> 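Input: one structure, supplied below.
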Number of protein chains: 2
Amino acid sequence: MSNLKQLAQSLGLSITTVSRALDGYSDVSAKTKARVLEAAAKTGYQPNVAARRLRRQRAELVAVTLPTAPGHIGPPHFLDILSACAEHLALSGLNLVIAPVPRGQSELEMCQRFVDGQRVDAMLLVRTKRNDERVELLQSRGIPFVTLGRTESAKPHAFLDGDGFAGFRDATLRFIADGHIHIGHVAGPQAFSFAHHRRMGWEAALGQTGLSSALLAEGDPTEQGGYAAAKTLMSGSVKPTAILCATDEMAVGTLRALREIASGNTVSIIGHDDLPMSAFTDPPLSTMRVTGDDIGVRIASLLLRAIDGEAPEALQEIHPVEFLPRASHRRSQRLAANDAGVQADE
Amino acid sequence: MSNLKQLAQSLGLSITTVSRALDGYSDVSAKTKARVLEAAAKTGYQPNVAARRLRRQRAELVAVTLPTAPGHIGPPHFLDILSACAEHLALSGLNLVIAPVPRGQSELEMCQRFVDGQRVDAMLLVRTKRNDERVELLQSRGIPFVTLGRTESAKPHAFLDGDGFAGFRDATLRFIADGHIHIGHVAGPQAFSFAHHRRMGWEAALGQTGLSSALLAEGDPTEQGGYAAAKTLMSGSVKPTAILCATDEMAVGTLRALREIASGNTVSIIGHDDLPMSAFTDPPLSTMRVTGDDIGVRIASLLLRAIDGEAPEALQEIHPVEFLPRASHRRSQRLAANDAGVQADE
DNA sequence: GTTGACTTCCAAAACGTTTCGGAAAACTAT
DNA sequence: ATAGTTTTCCGAAACGTTTTGGAAGTCAAC
């Protein structure tokens, strides 16, 4: 409500001086500066952001569009990341806004409105696809942006990603070391970058050890999708004794599918994401997570550097994935130990 | 990049006329209007939102601050609601932004910046407390707002709420009808409006049937909180045979706690929220949900009416809660039927 | 007491839009 | 032809801030 003019009038100063005092310029005496600051604090003056943005030609805003699949919004852990990111951006005076995409609208249109209306200084893209039209749009507009997850774009862009390939490869090798021969994969939609990399990791491990990668089923990255995929996986003639799930949510669905199947409870499972609920499933879900508890902060810093004009090539981070052993990755082992005397090594 | 002035110049028209043509005023001829619209579409003109906001004195924005408890952000189902809400608001040209609250900052400060900086036309408050300082702030500023969940504020305000009281009362009566005597409650922090109402419903049912309401344990509204609360509940001298959990997440924690306890698997459980994962627990979680699959749309409509200046008293909705029976609410029953020949009536 | 340097302040322009109050042109009715 | 009405357009002001380019005032040095 209160604006600069009123504040200036009440102090007997010009608008200019008050503005410069608040912004900490050096050409205003310490005394008046103190006077201005005090008055501003007392009246609770807050600059009108529309006016400031108009003049500064900066939105002071970073947006992330949140894809909302029908009945199922993106993974909960996005929000933890975004929250940390917002926190860090705020230190530089930037606000992070999360814009849910209305059903009628495409994520692309959403991005378009953001960048062409000059509403944002930068964008963050999540749920990145291998060929993502949003990336092309943003590149053509020259807007700074960072994606959570690599793409196969020819032109380099800033991104942060977990090394899902290595994570799933190593997890598969772990299963192999445990004596598994039939190792299945409940995969996410391959258009998604993360889903593809995870699947390729699984395939790579099988390939390098000469095992079959036939036990593959794809589904939506939800509990329901995991449930359905696991069902088809377990209905084939050769059944997996271990399953890698692309996400924890799919793993939860897989667990339920196995519960409904005779001897399903001997199948070992590993997920990915380390959702809060994963520690509470039955059995507790062995899973993976991207290392570093500051992913959100890293993203924020990438965004800031992108806004500062740093080259995209310099703004690419791939973080290792760590394995979190709980109970679900050793289910057949326990039985195998009973049946055949195989010894656990951990 | 392109602005009204350029567009007008290229058409040989005045800024005024172009502006009015785009806004669909009647005092511009059909022919020029078509010409303007075409040119705007071709150049991809998007009005500069900062300028428009400054002039219109409207932010075209509704904000919701998302509380992010350390390590655990608000319930996932908020997002489904918010997404539907955003969708509906978009129809009226309003954008919904979700602002995560940085750790260093209080939700109140966040609200303050939003309203005093004239960044928003209205606010949506979630995770409402019984005595919520955000409500007071917004009331004092005269900003339209809607809360998700009632408060005990003396001055009426717009809200939408589920009838948690009736839901938990009825669920408790259901347990009583099933023959339970010792019915526990894993409660959420009582400062939260929803947690309090649910607890009062549980107490009311016990009170009206003369049963004890001693089996109460409170915890954070998370899996971990439910786990801890259930543990203390089951460690008393008299143990519950049925437990109502304030949220599904707490129910998931409770399930795990029971799993670790001898004969814990005979304890019946009911949760609330109908999270996607609830259908996939073991046993599948019986739960409750606020009726109507358009809560988000209802909220949006309340917000629009609040912005239009309708009186808060007219903007209060309490929606009934429906019970979703799955397996977890009849665990002891099955055993009891074996043990004592009690017959299930459903 | 004039010069130059420094400090402290300010008027005015600009950002891109919307909107008020007309003005010119084109009809209509007399 | 003239007055009145309607249609179609536009100039200029405003929204609240930041920033440019000085203008006064002060002080020290000669």
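Chain A is the first sequence line, chain B the second, and so forth, proteins listed ahead of strands; every chain is numbered from 1. Keep in mind that this is a model prediction, so the values were computed, not measured.
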> Kindly write out the residues that satisfy side-chain hydrogen bond (donor to acceptor under 3.5 Å, both in side chains) with Asn95(A), not counting sequence neighbours, or none if the list is empty.
none
> In whole Å, I'd like the distance from the CZ atom of Arg53(A) to the C1' atom of dT17(C).
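For the pair Arg53(A) CZ and dT17(C) C1', the rounded distance is 16 Å.
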> Rounded to the nearest angstrom, tell me the gap between atom NZ in Lys33(B) and atom P in dC9(D).
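It works out to 12 Å between those atoms.
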> Under the rule for ring pair (Phe, Tyr, Trp, His ring centres under 6.0 Å), what residues qualify as partners of Phe145(B), not counting sequence neighbours?
His157(B)
> Can you tell me the distance, in whole Å, between the NZ atom of Lys31(B) and the C1' atom of dA26(C)?
13 Å
> Tell me every residue that passes side-chain hydrogen bond (donor to acceptor under 3.5 Å, both in side chains) with Ser14(B), counting only those two or more places apart in sequence or in another chain.
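Thr17(B).
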> Are there any protein N/O atoms within less than 3.5 Å of an N/O atom in nucleotides 12-15 of chain C, and if so, which ones and at what distance?
{"from": "dA12(C)", "atom 1": "N6", "to": "Thr16(A)", "atom 2": "OG1", "distance (Å)": "3.3"}
{"from": "dA14(C)", "atom 1": "N3", "to": "Arg55(A)", "atom 2": "NH1", "distance (Å)": "2.8"}
{"from": "dC15(C)", "atom 1": "O2", "to": "Arg55(A)", "atom 2": "N", "distance (Å)": "3.4"}

> Just the rounded figure in Å: distance from C1' of dG16(C) to CZ of Arg119(A).
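Going from CZ in Arg119(A) over to C1' in dG16(C) covers 14 Å.
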> Enumerate the residue pairs fulfilling salt bridge (Lys or Arg N to Asp or Glu O under 4.0 Å) with a member in residues 44-55 of chain B, sequence neighbours excluded, ordered by first and then second residue.
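Non-adjacent pairs meeting salt bridge (Lys or Arg N to Asp or Glu O under 4.0 Å): Arg52(B)-Glu60(B).
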> Rounded off to whole Å, could you give me the CZ-to-P distance for the Arg52(A) and dT19(D) pair?
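So the two atoms are 9 Å apart, to the nearest Å.
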> Determine to 10° how strongly the helix from dG1(C)-dC30(D) to dT30(C)-dA1(D) is bent, judged from the axes of its five-pair ends.
60°
> Excluding sequence neighbours, so at least two apart, what forms side-chain hydrogen bond (donor to acceptor under 3.5 Å, both in side chains) with Arg298(B)?
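Partners of Arg298(B) under the side-chain hydrogen bond (donor to acceptor under 3.5 Å, both in side chains) test: Glu317(B).
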> Could you pull out all residues at least two apart from Phe194(A) that satisfy ring pair (Phe, Tyr, Trp, His ring centres under 6.0 Å)?
Phe192(A)
> Pick out the pairs of N or O atoms, protein on one side and nucleotides 24-26 of chain D on the other, that lie under 3.5 Å.
none

> What is the distance from CD of Gln46(B) to P of dT17(C), rounded to the nearest Å?
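To the nearest whole Å, that distance equals 11 Å.
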> Between P on dG11(D) and CG on Leu13(B), what's the gap in Å once rounded to a whole number?
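For the pair Leu13(B) CG and dG11(D) P, the rounded distance is 11 Å.
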> Does a sphere of radius 6.0 Å around CD in Glu109(A) hold more than 12 heavy atoms from other residues, nucleotides or ligands, not counting ones at 6.0 Å or beyond?
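Yes - once you tally the heavy atoms of other residues, nucleotides and ligands closer than 6.0 Å, there are more than 12.
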> Are any of Thr32(B)'s side-chain N or O atoms less than 4.0 Å away from OP1 or OP2 of dC9(D)?
yes
> For residues Arg35(B) and Leu13(B), determine if any side-chain heavy atom of one lies less than 4.5 Å from a side-chain heavy atom of the other.
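Arg35(B) vs Leu13(B): side chains touch.
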> Going by number, which of residues 18-29 of chain A have a non-hydrogen atom under 4.0 Å from DNA chain D?
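Contacts with DNA chain D under 4.0 Å: Ser19(A), Arg20(A), Asp23(A), Tyr25(A).
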> Between Tyr45(A) and dT17(D), does any side-chain N or O lie under 4.0 Å from OP1 or OP2?
yes
> Within the pair Thr17(B) and dC9(D), is there a side-chain N or O less than 4.0 Å away from OP1 or OP2?
no
> Determine all donor-acceptor pairs shorter than 3.5 Å in which one atom belongs to a side chain in residues 24-31 of chain A; sequence neighbours excluded.
{"from": "Asp27(A)", "atom 1": "OD1", "to": "Arg20(A)", "atom 2": "NE", "distance (Å)": "3.2"}
{"from": "Asp27(A)", "atom 1": "OD2", "to": "Arg20(A)", "atom 2": "NE", "distance (Å)": "3.3"}
{"from": "Ser29(A)", "atom 1": "OG", "to": "Thr32(A)", "atom 2": "N", "distance (Å)": "3.3"}
{"from": "Ser29(A)", "atom 1": "OG", "to": "Thr32(A)", "atom 2": "OG1", "distance (Å)": "2.9"}

> Among pairs that include at least one residue of residues 141-155 of chain B, which meet salt bridge (Lys or Arg N to Asp or Glu O under 4.0 Å), considering only residues two or more places apart or in two chains?
Asp116(B)-Arg141(B), Arg130(B)-Glu152(B), Arg150(B)-Asp161(B)
